[in-house]
Amino acid sequence: QVQLVESGGGLAQAGGSLRLSCAVSGRMFSRYTMGWFRQAPGKEREFVVEITWSGGSTYYADSVKGRFTISRDNTKNTVYLQMNSLKPEDTAVYYCAAGLAVVADRVDYWGQGTQVTVSS
């Protein structure tokens, strides 16, 4: 009964910031890589970022490098995505994901998604 529950989405102005959270409940393999995908209306799902269980390795999509930062607190079973310098093209539903290799789409668990809207 693993569940990934996202929060923190909402409306931001261009250049503003949001922080997304993904709280994990249930018996999930604690060493799973976790990360985020996003999907804008009419577009395919897009990989955003992943982080290993230890937090020692991260991988960002080129579109968000230098603007987004992923982190995780394993004691709280929570992953965070700090989103700075937001652009209108960041508007999408953001999905938390967990698996063996998120960037490779080896995902076992998905969150329900949280809407991020960035106005120009």
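Between L81 and the options V116, T114, L20, a side chain to side chain contact (heavy atoms under 4.5 Å, CB included) holds for only L20. Remark: of the listed residues E6, Q39, R38, R38 is the sole one forming a side-chain hydrogen bond (donor to acceptor under 3.5 Å, both in side chains) with Y94.
Tracing side-chain contacts under 4.5 Å through hydrophobic residues (I, L, V, M, F, W, Y), one never reaches I51 starting from V5; they form parts of separate clusters. No single ILVMFWY cluster, assembled from side-chain heavy atoms under 4.5 Å apart, contains both Y80 and Y109.
Residues S85 and R67 approach most closely at O-NH1, 3.0 Å, considering heavy atoms. In this structure, V118 and T91 approach most closely via the heavy-atom pair N-OG1, 2.9 Å. When every heavy atom of T78 is checked against every heavy atom of S21, the shortest pair comes out as CG2-CB, 4.3 Å. The two residues A14 and P88 come nearest to each other via the heavy atoms CB-CD, 4.2 Å. The shortest heavy-atom contact between Q13 and S119 is OE1-OG, 3.0 Å. Of all the heavy atoms in G10 and L18, the pair that sits closest is O-CD1, 3.9 Å.
Between E46 and S63 the shortest side-chain heavy-atom distance falls below 4.5 Å. Between F68 and L86, some side-chain heavy-atom pair lies under the 4.5 Å cut-off. Annotation: side chain of L100 is in contact with side chain of Y32 (closest heavy-atom distance under 4.5 Å).
Taken from NZ in K43 to CD in E89, the straight-line distance is 8.0 Å, to the nearest 0.5 Å. One distance of note links CH2 of W53 with OG1 of T33; it measures 11.0 Å at 0.5 Å rounding. Distance CG/L4 to CE/M34: 4.5 Å, rounded to 0.5 Å. Rounding to the nearest 0.5 Å gives a distance of 12.0 Å between OG1 of T58 and CZ of R72. Going from atom CZ of R19 over to atom OG1 of T69 covers 12.0 Å, rounded to the nearest 0.5 Å. Distance check: Y60 OH to W36 CH2 gives 12.5 Å after rounding to the nearest 0.5 Å.
For Q112, the side chain to side chain donor-acceptor pair (under 3.5 Å) criterion is met by no residue, not counting sequence neighbours.
Atom CD of Q3 has 12 or fewer heavy atoms from other residues, nucleotides or ligands within 6.0 Å.
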Applying side chain to side chain contact (heavy atoms under 4.5 Å, CB included) to V48 and M83, what does each step give before you reach the verdict? CA-CA 11 Å; V48 178; M83 308 164 65; over 6 Å; no
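Checked for salt-bridge contact, D90 and K87 miss the test: no charged N lies under 4.0 Å from a carboxylate O.
Grouping Ile, Leu, Val, Met, Phe, Trp and Tyr by side-chain contacts under 4.5 Å, direct or through others, puts V103 with F37, F47, Y59, V93, Y95, V102, V107, W110.
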